[in-house]
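If you read the sequence from its start, that first residue is 1, and numbering goes on from there.
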Amino acid sequence: MRIFILLLVISVGNHLCAQRLFSFKSDNQRLVEDALEGSCLLIQQKYELMDSVSKKHFGRGGKDYFNMLSFVGISTAKGIIFNEELLAPWKIDKDFKEYQGKYIPLVKKSSILAKEGIQLFLNEQSTAKISESSLCLYEDSILMQRGLEIDSMPGKKKGWVVWAVHSKNDAKSTDFTLYPIYKEIEINDENHIIKVEHPNIEGDIMGGFYIISQIERVGQIAFKLTGVISIYDDFPRLECPFFRKPQSKHKLTLIQNED
């Protein structure tokens, strides 16, 4: 994990575990991208089709899969967090509509390109659903060593919505850029799903997440993950299911000598 120490224009890199530290310079997107390097993952999910009658498997265009869609994953100290759509990419794939009913879609293989081309098999059996959200978690001991810590405290937040955007409008492109936009939010029992506005950014928005900064020591700031953006009907919303709900302060009392 990298530490970024700001001294004039010099940065020094080193590896740590469980947190990503850096010195934040306002409006310096390069530092933000460097600090989040390896934490924001591009996951390409492939799926194939199986004939519902013959049970034969089919790809398309001479390939051993029908289609491949790209998703954003966040590497955290608990594992990889991503939207549940990754587990069933055909639900958002327009190419599948004409085959629906006759063919059964099956997840084939997942590739994490931001991690030296790691191959995984992400499906409902290998992942866990995060309660009260549309997010899922895949636990991986190697990826967890360099992931972001989770922000689990409710309250007012001063942080950044970080958008992951394809530089080209191509679902199969492996080139994406991070765009951080400052935004203040508040999380509580009634408000852990927050609407966010579409940014005025060119390109294909893949997804995004919300981070806050926390001073670790002089010259060092750590990013923590507060929430992940999900997009429904072209409307983005920030889901923050990680915070610890306060315990009830209303304790039961014993009623004495009740007749």
* Structure fact -> Separation between NZ (Lys78) and CG (Leu137), nearest 0.5 Å, reads 8.0 Å

* Is Trp90 reachable from Met50 through a run of hydrophobic residues whose side-chain heavy atoms are each under 4.5 Å from the next? -> no

* How close do Leu87 and Val107 get, heavy atom to heavy atom, and via which atoms? -> O-CG2, 3.4 Å

* To do: Please examine the side chains of Leu86 and Cys136, heavy atoms only from C-beta on, and report whether any two atoms are closer than 4.5 Å.
  => no

* Might you point out which heavy atoms bring Ser70 and Met206 nearest each other, and give the distance in Å? => CB-CE, 4.3 Å

* Indicate, with yes or no, if Leu106 and Phe96 share a hydrophobic cluster defined by side-chain heavy-atom contacts under 4.5 Å among Ile, Leu, Val, Met, Phe, Trp and Tyr. => no

* Structure fact -> SG (Cys240) and CD1 (Ile150) are apart, to the nearest 0.5 Å, by 11.0 Å

* Could you check Lys157, Lys224, Gln214 and say which one makes a side-chain hydrogen bond (donor to acceptor under 3.5 Å, both in side chains) with Asp151? => Lys157

* To do: Check the pair Phe66, Tyr99 against ring pair (Phe, Tyr, Trp, His ring centres under 6.0 Å), reporting the backbone distance first and the verdict last.
  => CA-CA 11 Å; Phe66 175 79; Tyr99 301 91; 5.1 Å; yes

* Asked: Between Val228 and Phe82, is a side-chain contact (heavy atoms from CB on, under 4.5 Å) present by the stated rule, with each step listed?
  -> CA-CA 8 Å; Val228 178; Phe82 55 87; over 6 Å; no

* To do: Would you check if Asn67 and Pro89 make a side-chain contact, meaning some heavy-atom pair closer than 4.5 Å?
  => no

* What distance do Ser75 atom OG and Leu148 atom CG have between them, rounded to the nearest 0.5 Å? -> 7.0 Å

* Is it true that a side-chain atom of Ser52 and a backbone atom of Lys102 form a donor plus acceptor pair closer than 3.5 Å? -> yes

* Apply side-chain contact (heavy atoms from CB on, under 4.5 Å) to the pair Phe71 and Asn83, showing each step before the final yes or no. => CA-CA 8 Å; Phe71 298 87; Asn83 192 278; 5.7 Å; no

* To do: Identify the two heavy atoms, one from Phe209 and one from Leu225, that lie closest to each other, and give their separation to 0.1 Å.
  => CB-CD1, 3.7 Å

* Asked: Can you check whether Met68's main-chain N or O pairs, donor with acceptor, with Gln44's side chain at less than 3.5 Å?
  -> no

* Asked: What's the spacing between Lys46 NZ and Asp64 CG if we round to 0.5 Å?
  -> 6.0 Å

* Structure fact -> When rounded to the nearest 0.5 Å, the distance separating NZ of Lys63 from CD of Glu48 is 14.5 Å

* Structure fact -> What one should report as the nearest heavy-atom pair of His192 and Phe243 is CB-CE2, 3.4 Å

* Do Leu49 and Arg60 have side chains that get closer than 4.5 Å, going by heavy atoms? -> no

* To do: Give a yes or no on whether Glu197 atom CD has more than 12 heavy-atom contacts from other residues, nucleotides or ligands under 6.0 Å away.
  => no

* Spell out, as yes or no, whether a donor-acceptor pair under 3.5 Å connects the side chain of Ser133 to the backbone of Ile130. => yes

* Asked: Heavy-atom distance under 4.5 Å between the side chains of Thr177 and Ile201, does that happen here?
  -> no

* Quick check: does any side chain N or O of Tyr210 sit under 3.5 Å from a backbone N or O of Lys183, one acting as donor and the other as acceptor? -> yes

* Asked: Under the 3.5 angstrom rule, does the side chain of Gln45 hit a backbone N or O of Glu85 as a donor-acceptor pair?
  -> no

* **Side-chain heavy atoms of Phe223 within contact of Ser39, under 4.5 Å** => no

* To the nearest 0.5 Å, how far apart are CD1 in Ile187 and CG in Leu238? -> 7.0 Å

* Kindly work out whether a path of hydrophobic side-chain contacts (I/L/V/M/F/W/Y, heavy atoms less than 4.5 Å apart) joins Val161 to Ile193. => no

* To do: Determine, stepwise, if the pair Ile80 / Leu122 fulfils side-chain contact (heavy atoms from CB on, under 4.5 Å).
  => CA-CA 11 Å; Ile80 304 173; Leu122 300 180; 5.9 Å; no

* **Beyond-backbone contact of Phe242 with Thr76, side-chain heavy atoms, under 4.5 angstrom** => no

* To do: Could you please spell out the steps behind the side-chain contact (heavy atoms from CB on, under 4.5 Å) verdict for Glu239 and Arg237?
  => CA-CA 6 Å; Glu239 298 189 53; Arg237 68 180 193 179; 3.8 Å; yes

* Structure fact -> Looking only at heavy atoms, the pair that brings Gly207 and Val72 closest together is N-CG2, 4.0 Å

* To do: Verify the cluster assignment for Ile181 and Ile229: are they in a single hydrophobic cluster under the rule of side-chain heavy atoms below 4.5 Å apart?
  => yes

* Does CD belonging to Glu186 count more than 12 external heavy atoms closer than 6.0 Å? -> yes

* To do: Give a yes or no on whether Ile211 and Tyr182 share a hydrophobic cluster (residues Ile, Leu, Val, Met, Phe, Trp, Tyr; joining criterion: side-chain heavy atoms under 4.5 Å apart).
  => yes

* Identify the heavy atoms of Val165 and Tyr179 that sit nearest to each other, and give their distance. => CG2-CD1, 3.8 Å

